[in-house]
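Letters A, B, ... mirror the listed sequences (proteins, then strands); counts begin at 1.
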2 protein chains.
Amino acid sequence: MPTPHYGQPRYRSIADELRARIESYAIPPGALLPAESVLTAEFKASRGTIRQAIAVLRDERLVATEHGRGTYAKPRRHENGPDEGSVEAETRQRQIPADRELAALFAVEVGTALVEQQSVTRKNGTVGAVVRTYRLLQTRR
Amino acid sequence: MPTPHYGQPRYRSIADELRARIESYAIPPGALLPAESVLTAEFKASRGTIRQAIAVLRDERLVATEHGRGTYAKPRRHENGPDEGSVEAETRQRQIPADRELAALFAVEVGTALVEQQSVTRKNGTVGAVVRTYRLLQTRR
DNA sequence: AGAAATTTGTCCGTATGTATC
DNA sequence: AGATACATACGGACAAATTTC
């Protein structure tokens, strides 16, 4: 049977099944998933397809894979309760010494003080992006 | 020759080459990349390897692929403000492993790959500010 | 409108390299 | 050193979306 994938591709179905096992704690957090060779036998799919399915979960950050070790289920990030963690400061400003890279850009000595302003944007509590802006200290005369 | 990947895997070298073409505007923003079949011939690599290379760039959000159409180079945002005189912006994009601080913000493990986009604004040749934006690699679904 | 060509998407099977146990 | 497990790479085949004629 070459390649009939009506509706949903095979690797997505397999990803769904594995995701369900992780979310239902059939595969508890921290545990190793079955090896690719085992999954190959169980789902009767080629190794490439199994790897594609695992890649989906990895992109979802539901699992982490280590070369030669295996693939772990990652601990679930549970939602923040109602009056739980207050939102951290969205912006922060501090002074840092210029490293070689920044020093070269600003044409100053390594170690020269720079202002770093960091802002964190969140969406539903999860961080979307971290932006850091570097400037020279303003020396007014 | 089957599979010698000393140092850097083949698909990463190919990704590097294609990235260079995009960043050097050899492939201008919005333009289609050569088809997979063409790249296969040019790099003398299998289609799977070519697709792996393109997947890297897609995760970096440097390109976007459409079924039946092809793969586009995505426009780099320069966002030159309204009549600001001659404000140039250089941008660079690369992957870096998350340090402890960024890992904590994004709630991922230390070492997780992040995309760092750096833009340097210059006015009359002198650097005004360096902005670095950190994001997680694209997640689909 | 329709058929053909092009291009990406999915899947298989196999072989070999590299890291970990 | 051997066994196990993931990573890289090849080549072939068919499916599905888009463009072209």
Checklist entry - Roughly how far, to the nearest 0.5 Å, is the OG1 atom of T40(B) from the CZ atom of R51(B)? => result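 The CZ atom of R51(B) sits 10.0 Å away from the OG1 atom of T40(B).
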Next on the checklist: Any base atoms under 4.0 Å from G48(B), or only sugar-phosphate, or nothing? Heavy atoms, all strands.
Outcome noted: nothing
To the nearest Å, give me how far apart [atom1] ([X]) and [atom2] ([N]) are.
| X | N | atom1 | atom2 | answer |
| --- | --- | --- | --- | --- |
| I54(A) | dA5(D) | CD1 | C1' | 11 Å |
| E36(A) | dC12(C) | CD | C1' | 15 Å |
| R10(B) | dG17(C) | CZ | P | 15 Å |
| L39(B) | dT6(C) | CG | P | 16 Å |
| R58(A) | dC6(D) | CZ | P | 10 Å |
| Q8(A) | dC11(C) | CD | P | 9 Å |
| E66(B) | dA17(D) | CD | P | 13 Å |
| F43(A) | dG13(C) | CZ | P | 16 Å |

Next on the checklist: Which is more 5' along DNA chain D, the nucleotide nearest P34(A) or the one nearest I50(B)? Just name the residue.
Outcome noted: P34(A)
Next on the checklist: Suppose we screen for side-chain contact (heavy atoms from CB on, under 4.5 Å). Which residues come up paired with R21(B), at least two apart in sequence or across chains?
Outcome noted: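 Residues passing side-chain contact (heavy atoms from CB on, under 4.5 Å) with R21(B): E17(B), L18(B), A26(B), I27(B), E42(B), F43(B).
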Next on the checklist: Between A45(A) and Y72(A), which residue's closest nucleotide on DNA chain C lies nearer the 5′ terminus?
Outcome noted: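 Looking at DNA chain C, the more 5' nearest nucleotide goes with A45(A).
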Item to check | T121(A) side chain to A129(A) backbone, donor-acceptor under 3.5 Å | outcome: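 Present.
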Side-chain N or O of [X] versus OP1/OP2 of [N]: is the shortest distance under 4.0 Å?
| X | N | result |
| --- | --- | --- |
| R69(B) | dT8(C) | no |
| T49(A) | dC12(C) | yes |
| R51(B) | dT8(C) | no |
| T71(A) | dA5(D) | no |

Checklist entry - Looking at the side chain of S46(B), which of dC11(C), dA7(D), dC10(D) is the nearest nucleotide? => result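 Out of dC11(C), dA7(D), dC10(D), the nucleotide with an atom closest to S46(B)'s side chain is dC10(D).
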Checklist entry - Counting side-chain heavy atoms from C-beta on, which of dT8(D), dT20(C), dT8(C) comes nearest to R47(A)? => result dT8(D)
Checklist entry - Just one of Q95(B), Q93(B), Q117(B) clears the side-chain hydrogen bond (donor to acceptor under 3.5 Å, both in side chains) bar with E60(B), so which one? => result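 Looking at Q95(B), Q93(B), Q117(B), the match for E60(B) under the side-chain hydrogen bond (donor to acceptor under 3.5 Å, both in side chains) is Q95(B).
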Next on the checklist: When you compare the side chains of S119(B) and T91(B), does any donor N or O come within less than 3.5 Å of an acceptor on the partner?
Outcome noted: no
Checklist entry - Side chain of H67(A), base of dA7(D): donor and acceptor closer than 3.5 Å? => result no
